[in-house]
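Below: one structure, written as structure tokens.
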Amino acid sequence: MKAPIGFEGRSVQLPGHICLFYKSEDELRRRQAAFLRFAVDGKREGIVLMGGTGIAETLYRYLEVDLGVDLSTRRDAGMIALAHGDVDVDEQLENVIRPIEAMIEGGAKLVRLVGRVQWGGPDYAASEDVVWYESKLNDRIAGLPVVLVCAYDIFELPGEALILGGLHSHPQLLCGTFSDRNTLVESTKRHLQLRMAEFPWLTEVDSSGGG
């Protein structure tokens, strides 16, 4: 099954997990509106907006303004959910998966998610945990009617975030134009085995012998 995504008239095979590299707030808003318009116009699609403190709320306000709609009724009905980051990466993962599963159980034929990625911070998973989180999402959404768009700001995030969290974790890529096959994506097992070594503090051994 495929779903339209609003990028260049393209569709993606479900489940979809797209890395969006964006350059400005205006581009993020434009991409989000194009992607989520299908859910707003339809009757049986759910929406999840995700980010650190205040981010999901900001994405929600953007969506109402950019599409010129009041989404409060749909939100009250449980078809729009705001998910939040957490320093506990397991909880962050569940904050995303729980509303997706609830919407599907409630009759949604498709769930669309837009998440604004952070790299550490007081209310978001640590950088190495973001790598784990993005890779595990591929396993957790397997078989579900869902399309995730994870938005990476190429001017604000460091190279490690763009490469390890973005390029190596997402089967689809949107950077100017859309690619339905990201050839740099790695399996979850390979990704976690190899890429954790990119964080030296995870592999350093205490020279004093303390472990």
Side-chain angles (χ1 to χ4, degrees), residues 2-42 45-71 74-75 79-85 96 99-100 103 108 110-119 124 130 133-134 137-138 141 144-159 161-185:
K2 286 191 172 186
I5 53 175
F7 310 139
E8 303 158 7
R10 302 288 294 277
S11 296
V12 66
Q13 188 72 39
L14 301 183
H17 188 195
I18 302 169
C19 173
L20 164 63
F21 288 142
Y22 69 97
K23 301 177 182 179
S24 67
E25 202 75 3
D26 285 344
E27 181 183 3
L28 175 62
R29 294 179 66 161
R30 177 166 45 85
R31 297 292 195 182
Q32 174 182 259
F35 173 61
L36 295 180
R37 182 182 296 275
F38 295 98
V40 172
D41 291 344
E45 292 192 10
I47 294 173
V48 179
L49 303 171
M50 188 271 176
T53 299
I55 297 298
E57 289 81 0
T58 296
L59 295 175
Y60 178 80
R61 290 195 297 271
Y62 284 168
L63 189 61
E64 286 196 315
V65 170
D66 296 337
L67 295 184
V69 295
D70 179 353
L71 297 173
R74 185 169 297 198
R75 183 175 176 182
M79 291 301 283
I80 296 179
L82 307 187
H84 301 96
V96 169
I100 291 173
M103 290 177 188
L110 176 68
V111 178
R112 297 172 184 266
L113 176 144
V114 173
R116 191 170 189 168
V117 177
Q118 292 177 226
W119 195 243
Y124 206 80
V130 174
Y133 162 81
E134 288 283 30
L137 275 173
N138 290 320
I141 66 172
L144 298 180
V146 61
V147 183
L148 316 181
V149 173
C150 300
Y152 284 73
D153 187 328
I154 65 172
F155 291 130
E156 289 191 1
L157 295 174
L162 303 179
I163 296 171
L164 303 181
L167 286 175
H168 290 312
S169 302
H170 294 79
Q172 294 91 24
L173 177 64
L174 177 60
C175 183
T177 58
F178 177 70
S179 173
D180 193 31
R181 183 171 178 268
N182 174 19
T183 58
L184 297 177
V185 70

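All values derive from a computational prediction rather than experimental measurement.
The closest side-chain heavy-atom distance from His84 to Thr53 is not below 4.5 Å. The shortest side-chain heavy-atom distance between Phe35 and Val147 falls under the 4.5 Å cut-off. In this structure, Leu28 and Leu59 have side chains that are in contact, with non-hydrogen atoms separated by less than 4.5 Å. Using a 4.5 Å cut-off on side-chain heavy atoms (C-beta onward), Glu45 and Ile47 make no contact. Put simply, the side chain of Leu110 does not reach to within 4.5 Å of the side chain of Phe38, judged on heavy atoms. In this structure, the side chains of Val48 and Met103 come closer than 4.5 Å at one or more pairs of heavy atoms. Using a 4.5 Å heavy-atom threshold, the side chains of Leu174 and Ile5 count as separate.
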Query raised in the report: Would Val69 and Arg74 count as a side chain to side chain contact (heavy atoms under 4.5 Å, CB included) if you check the C-alpha gap in whole Å, the side-chain angles of each, and the deciding distance to 0.1 Å?
Result: CA-CA 11 Å; Val69 295; Arg74 185 169 297 198; over 6 Å; no
Query - Audit row: Val149, Gln32, side chain to side chain contact (heavy atoms under 4.5 Å, CB included) steps and yes/no - result: CA-CA 9 Å; Val149 173; Gln32 174 182 259; over 6 Å; no
Query raised in the report: Given Arg30 and Glu27, is the side chain to side chain contact (heavy atoms under 4.5 Å, CB included) satisfied, shown in steps?
Result: CA-CA 5 Å; Arg30 177 166 45 85; Glu27 181 183 3; 3.5 Å; yes
Query raised in the report: Please walk me through it: do Val12 and Phe7 pass side chain to side chain contact (heavy atoms under 4.5 Å, CB included)?
Result: CA-CA 10 Å; Val12 66; Phe7 310 139; over 6 Å; no
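With sequence neighbours excluded, the residues that form a ring pair (Phe, Tyr, Trp, His ring centres under 6.0 Å) with His17 are His170. Under the rule for a side chain to side chain contact (heavy atoms under 4.5 Å, CB included), the partners of Glu156 that lie at least two apart in sequence or sit in another chain are Asp153.
Nearest heavy atom pair, residue Pro99 against residue Ala81, reads CB-CB, 3.7 Å. Of all heavy-atom pairs spanning Leu162 and Tyr152, the tightest one is CD2-CB, 4.0 Å. In terms of heavy-atom proximity, Thr177 sits nearest to Glu8 at CA-OE2, 2.8 Å.
A cation-pi geometry, defined here as NZ or CZ lying under 6.0 Å from the six-membered ring centre and within 45° of its normal, does not hold between Arg31 and Tyr22.
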